[in-house]
Amino acid sequence: MKPHIIVSASLFALIVFLSIQFYTIINVYQVRSHDFDTRYNQVIREAMDELNDYSPELGLDSMYWYMDKISFYFKGIGYINDPKLSDSLKATFYDNVMSIMTVTEPFSNRISYKLNQQNMDPNLRAGFIIHDYTVINDFDDFPIVRNDTLILGDVNSRVLNQNLQGVLLDNFRVERSFFSVNFDVYVDFTRKRQVIYSEMIGVLVLITVSILIISLVFYFTLRNLMKQKKISDLKSDFINNMTHELKTPLSTISLANQGLSNEDIVKNPLKIKEYSNIISRQNKHLTQIIDQILDISMWEKQKINLVLKQIDFVHFLNEKIDSFKLVHEEVQIKTFIPRSAFFIYADAFQLSIALNNLLDNAVKYKRGELNLIIDLIVNPDEMILKIKDNGIGINPNDQKHIFEKFYRVNTSSVHNTKGLGLGLFYVKSIIEAHGGELWLESELNIGTTFFIKLKK
Ligand code: ADP
């Protein structure tokens, strides 16, 4: 299956999974909320039954006693002042009744007590809706409240809330000597959400952990998939490049061989020599490629083995540059190399492979005429070698991968030079085996500088 199909399918599956989890949480919340209402309702009913049974000793009666008292008092003022009662007087009276109800109200206390007994959350507020309140007078009654008005139990934070979410406890109709009242009592559980969340905490944690684990697994699986894809692309590129690299010398050898069997050429010793030279050059080239491939497969298993000897790097470098100049006369080389010797412990053979690779690459990836600047900076205990070319350069994205095995810059867009993508990997492995560092600076269409740092 194509990777992008796998990625889309698994992304889709992940989104479905997350939505199901989300849906599950909402469902669990609703079930818990329903369960909460049922459990708390039951306790409230029990509390109310007890409240009714224990009356008149308990709070309800004392509340009515106060109401009767204030109604009697009010009857006096109302009668003296104006039988048609002013609105402000009514409001004052109403305030007083509310204060009595909220201060002396026995419902919350009783219910809280019951809830506590059952180890349930006892935090609640009671609310009242007074439908009617009438002060009873000898000749004429004074109706105080006609409209529904709701007030919650706490006097200090009286909240008029018409959308009370609480549970209706009961409707009360009471008549005493000086008043009659008709009111509903509601209770509102202030910490309902917290109680439900705390009950759900286990489920929430499990769901969150499972989401986290699945997301992590998803991430790592996708990352591995991408890596595998990259490796398989690199491998197929490598095989294509290797086939090309092997075929070119082979077909040259076969052509030279055909030439050698030509009678005209057999008679001409100079031609024979030329053809045999071609064959031996291509043979050497083939051997180099095969060695490189063999070396790489060896490195899969073990680290590169160095034969360390003390060498004068200045002398070594000058020699390498001289032999490079012999083969590439067309290249302009400027060198800044100190005269005095700089001794390091190194494997001269491996180091020359590394240097040749860098210099060969400068030739392979040149842009017009190649100018090289070779700079050796020597410090007391380390040296830095800079090899700077004015070639095609490497873009920042490719720079990140350039030292990876089989990595080649996308050839069609940048250059057509064939290779195995092993050279720089080779160089890096050699330098690192020496305990050194290799890095580069490069700008597209300007050039590239490779830096090698080696310690004494
Ligand atoms: P190969 O040359 O066989 O492709 P290398 O590992 O030597 O493999 O190089 C990897 C890639 O780095 C090359 O394909 C080339 O695109 C880029 N490269 C290496 N050296 C240079 C350079 N001096 N200038 C520009 N590009 C370079």
Side-chain angles (χ1 to χ4, degrees), residues 21-64 66-67 97-133 145 147-174 181-208:
Q21 296 300 317
F22 189 65
Y23 180 73
T24 312
I25 293 177
I26 292 178
N27 259 344
V28 172
Y29 183 86
Q30 278 168 351
V31 170
R32 294 268 170 188
S33 167
H34 183 74
D35 176 56
F36 180 98
D37 289 348
T38 320
R39 280 186 298 137
Y40 280 67
N41 251 326
Q42 195 186 340
V43 177
I44 290 168
R45 297 281 153 234
E46 286 168 16
M48 288 307 289
D49 287 348
E50 288 176 10
L51 205 60
N52 286 333
D53 288 351
Y54 299 155
S55 240
E57 288 86 18
L58 276 167
L60 260 180
D61 244 25
S62 83
M63 186 169 97
Y64 298 140
Y66 279 114
M67 281 167 145
V97 170
M98 270 307 167
S99 297
I100 293 168
M101 288 178 88
T102 49
V103 172
T104 61
E105 69 92 358
F107 309 102
S108 322
N109 290 342
R110 187 74 208 160
I111 297 166
S112 291
Y113 169 76
K114 283 293 289 180
L115 289 171
N116 244 335
Q117 264 190 341
Q118 314 262 338
N119 279 335
M120 291 158 83
D121 186 87
N123 293 300
L124 56 94
R125 290 186 301 178
F128 307 97
I129 294 181
I130 302 180
H131 298 291
D132 282 302
Y133 192 106
V145 178
N147 299 327
D148 293 354
T149 312
L150 176 80
I151 193 151
L152 284 175
D154 182 357
V155 193
N156 297 322
S157 61
R158 270 185 201 183
V159 193
L160 285 169
N161 176 6
Q162 301 300 334
N163 305 317
L164 181 74
Q165 300 277 309
V167 182
L168 174 65
L169 272 191
D170 224 334
N171 174 262
F172 294 82
R173 285 165 190 278
V174 178
V181 71
N182 169 13
F183 67 99
D184 292 337
V185 181
Y186 285 82
V187 283
D188 184 18
F189 294 96
T190 51
R191 288 179 10 103
K192 177 173 171 179
R193 267 166 200 264
Q194 282 109 304
V195 171
I196 295 176
Y197 284 140
S198 68
E199 284 173 356
M200 282 173 64
I201 193 86
V203 179
L204 284 179
V205 168
L206 273 180
I207 289 180
T208 316

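Because only heavy atoms are used, hydrogens play no part in the values below, and waters and symmetry mates are left out as well, while side chains stay in.
- Taking CD1 of Ile26 as the reference point, atom CD of Gln21 lies at 12.0 Å (rounded to 0.5 Å).
- Atom CD of Gln194 has more than 12 heavy atoms from other residues, nucleotides or ligands within 6.0 Å.
- Taken from CG in Leu206 to CD1 in Ile201, the straight-line distance is 10.5 Å, to the nearest 0.5 Å.
- For the pair Arg32/Phe36, no side-chain contact is recorded, criterion being any heavy-atom separation below 4.5 Å from C-beta on.
- By the 4.5 Å heavy-atom criterion applied to side chains, Arg173 and Val181 are not counted as neighbours.
- Every residue meeting the side chain to side chain contact (heavy atoms under 4.5 Å, CB included) condition with Tyr197, not counting sequence neighbours, appears here in chain and number order: Tyr29, Arg193.
- Distance check, rounded to the nearest 0.5 Å: NZ of Lys114 to CG of Asp49 gives 9.5 Å.
- A heavy-atom distance below 4.5 Å is found between the side chains of Tyr40 and Val195.
- Rounded to the nearest 0.5 Å, atoms CD1 (Ile25) and OH (Tyr23) are 13.5 Å apart.
- The CD1 atom of Ile44 lies 9.0 Å from the CG atom of Asp37; values are rounded to the nearest 0.5 Å.
- Crowding of Phe172 atom CZ: a count of heavy atoms from other residues, nucleotides or ligands under 6.0 Å exceeding 12.
- Annotation: the span from Asp184 atom CG to His131 atom NE2 amounts to 3.5 Å, rounded to 0.5 Å.
- Val43 places none of its side-chain heavy atoms less than 4.5 Å from the side chain of Arg39.
- Residue Pro122 comes nearest to Ser112 through the heavy atom pair O-OG, 2.9 Å, listed as atom of the first residue, atom of the second, then distance.
- Side-chain contact check for Asn182 versus Asn171: some heavy-atom pair is nearer than 4.5 Å.
- Lys192 has no carboxylate O lying under 4.0 Å from a charged side-chain N of Asp121, or vice versa, which leaves the two without a salt bridge.
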Stepwise side-chain contact (heavy atoms from CB on, under 4.5 Å) check, Gln118 with Glu46: CA-CA 12 Å; Gln118 314 262 338; Glu46 286 168 16; 4.1 Å; yes
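- Shortest non-hydrogen contact noted between Ile196 and Ser33 is CD1-CA, 3.5 Å.
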